[in-house]
Amino acid sequence: MKHLTPNDIVNLVFQAGIVGAGGGGFPTHVKLKATVDTILANGSECEPLLASDKTLMKNNAFDIVQGMKLAMQATSAKQGIIAVKGHYTDVVAALEEAVKNETSIKIHKLENYYPAGDEFLTVYDATGRIIPEGGLPLHVGVVVSNVLSLAQITQAVSGKPVTERIVTIAGEVNKPCVVSVPIGTPYKDLINLAEGKSDPDAQVIDGGPMMGNVVKDLNAGIAKTTSGLVVLSKNSLVVRMKEISLGQMIKLSKSACCQCFRCTDLCPRNLLGHELYPHATMRTLDYNSAEATKHITSAFLCSQCGVCELIACDFMLLSPKRIYAAYRKELVAKGIKNPHSKKPEQVTSAYEDRKVSVAMVMKKLGIEKYYKKNIPFLGNMNTNFVSIPINKHIGAPSLPAVNVGQSVSMGDMIATCPEKALGANYHASISGEVVEVTESYINLRKKP
Ligand code: SF4
Ligand code: SF4
């Protein structure tokens, strides 16, 4: 292969349409334009029941390490760190084998806590550096990339765009599994791969139980950011919390929040030293104030991890997380920017002691019964139809580059990033015919 310059790598990653595969969806080529000293591979996958990154790291450790080396080359980073749960001994062994001849790449073993995958926490755990309020990893010299995104960088330099991804299907299904499927595979097909729901009324969550969202249309297709589907009873705490309307929740909060502080005590960003006090923000609901006070603008500091609503609060269905999301939306609509920029010198003294174990999260959510230490990997699965979302990334929606009736081959560009905008390209994930084109998705069907 010809020698690649940092610019070549950035361009190939842009062409391939790589976005943060861990759920964030931030275009990877933009991250790689930075100059930093460290690339951190995020393999923490802290959402309970998901095993996609774990399976990938075990089976494709060399691709991840190769992607790490390319990312280091693009950003001039001198060191690479792969953050992985220490108790995944077989995964750690596979990664150790892949880095045994690499002097500048090491493995950092994380504790099994939630949300170890929040990049602010992963960066602190792996490097000891604290990202300032409202900051980014690059402000402390780090680029964080999900392990799948790194493996995709390796494929990108060989000319292979993002057309597939690894997904876990867990919860109320007959055969939980991990599979690799084309981007845009309909949710209902994935449920079928797991041999159907074991509770017909159960709801499907895209992502994990803590941060994922209930899927409203099972005919829609999975995105580049879909790491897993978790199927849970409609009466479960998780589904009820996600389905309660904001109005109902605010009403409940005004009458039930007893200002016990537990949400603040366990808030991971507060523990990191950021000035985020969810109990105090709950109090603002009583003021009906038009003024953007600090407990309202601190919405910009919330990671939406859900520890406050699902783990800390003993009252059902109170959610500082949802209040923060609503405040943030309102502030952005008013054109108000994040005014917080504290740079904590050190984390709070309770940081280590108040980490919430994943076992405790599963118990609190009532989902321990779905946990499987070894969830089978079915390999690559095909499909005859895909509905590829072209707007599930951070930045401008992509522009369709194909028309209905057009034939496409797998890997052909079907939607492009608008010129000079932050965004991503999209490619056909199967060969076939374009059957529908909208602003938000493109449907392809295999020809008979
Ligand atoms: S939201 Fe819940 S945990 Fe937080 S202060 Fe109110 S009652 Fe306590
Ligand atoms: S969701 Fe709750 S616990 Fe998580 S960062 Fe926001 S306020 Fe803190």
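Atoms within each ligand, like the ligands themselves, are counted from 1 in listed order.
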TODO: Pick whichever of Gly306, Ser303, Cys263 has a heavy atom sitting closest to atom 1 (S) of ligand 2.
DONE: Gly306

Task: Centroid-centroid distance, Tyr124 to Tyr351, less than 6.0 Å - done: yes

- [ ] Would you mind listing which atoms of ligand 1 come within a distance below 4.0 Å of any non-hydrogen atom of His279?
- [x] 5 (S)

Task: Criterion side-chain hydrogen bond (donor to acceptor under 3.5 Å, both in side chains) against Asn146, the qualifying member of Asn42, Thr225, Asp53 - done: Asp53

- [ ] Could you tell me the residue and atom name of the protein heavy atom closest to atom 2 (Fe) of ligand 1, and the distance to it rounded to 0.1 Å?
- [x] Cys313 SG, 2.4 Å

Open item on the list: Can you confirm whether Ile191 sits close enough to Leu229 that some side-chain heavy atom of one is under 4.5 Å from a side-chain heavy atom of the other?
Closed with: yes

Task: Flag for Glu119-Thr122: side-chain donor and acceptor within less than 3.5 Å - done: no

- [ ] Decide, counting backbone as well as side-chain atoms, whether Cys257 has an N, O or S atom less than 2.8 Å from atom 8 (Fe) of ligand 1.
- [x] no

Task: Option nearest atom 3 (S) of ligand 2 (shortest heavy-atom distance, choices Pro115, Cys308, Cys302) - done: Cys308

Open item on the list: Heavy-atom distances under 4.0 Å decide this one: backbone, side chain, both or neither, for Phe261 against ligand 1?
Closed with: backbone

Task: Over-ring placement of Lys85 relative to Tyr113, 6.0 Å and 45° cut-offs - done: no

TODO: Using a strict 4.0 Å threshold on nitrogen-to-oxygen distance, state whether Glu368 and Lys363 make a salt bridge.
DONE: no

TODO: Examine Arg328 relative to Phe300 and say whether NZ or CZ is less than 6.0 Å from the centre of the six-membered ring and inside a 45° cone about the ring axis.
DONE: no

- [ ] Could you tell me the residue and atom name of the protein heavy atom closest to atom 7 (S) of ligand 2, and the distance to it rounded to 0.1 Å?
- [x] Tyr324 CE1, 3.4 Å

Open item on the list: For Ala21, is there any backbone N or O sitting under 3.5 Å from a side-chain donor or acceptor partner on Arg165?
Closed with: yes

- [ ] Compare Pro268, Cys267, Cys305 and give the one whose heavy atom is closest to atom 4 (Fe) of ligand 2.
- [x] Cys305

Open item on the list: Check for me whether Pro278 has a heavy atom closer than 4.0 Å to any atom of ligand 1.
Closed with: no

- [ ] For atom 8 (Fe) of ligand 1, grab the closest protein heavy atom and report residue, atom and distance to one decimal in Å.
- [x] Cys260 SG, 2.3 Å

- [ ] Give the contacting part of Gln304 toward ligand 2: side chain, backbone, both or neither, where contact means a heavy-atom distance below 4.0 Å.
- [x] backbone

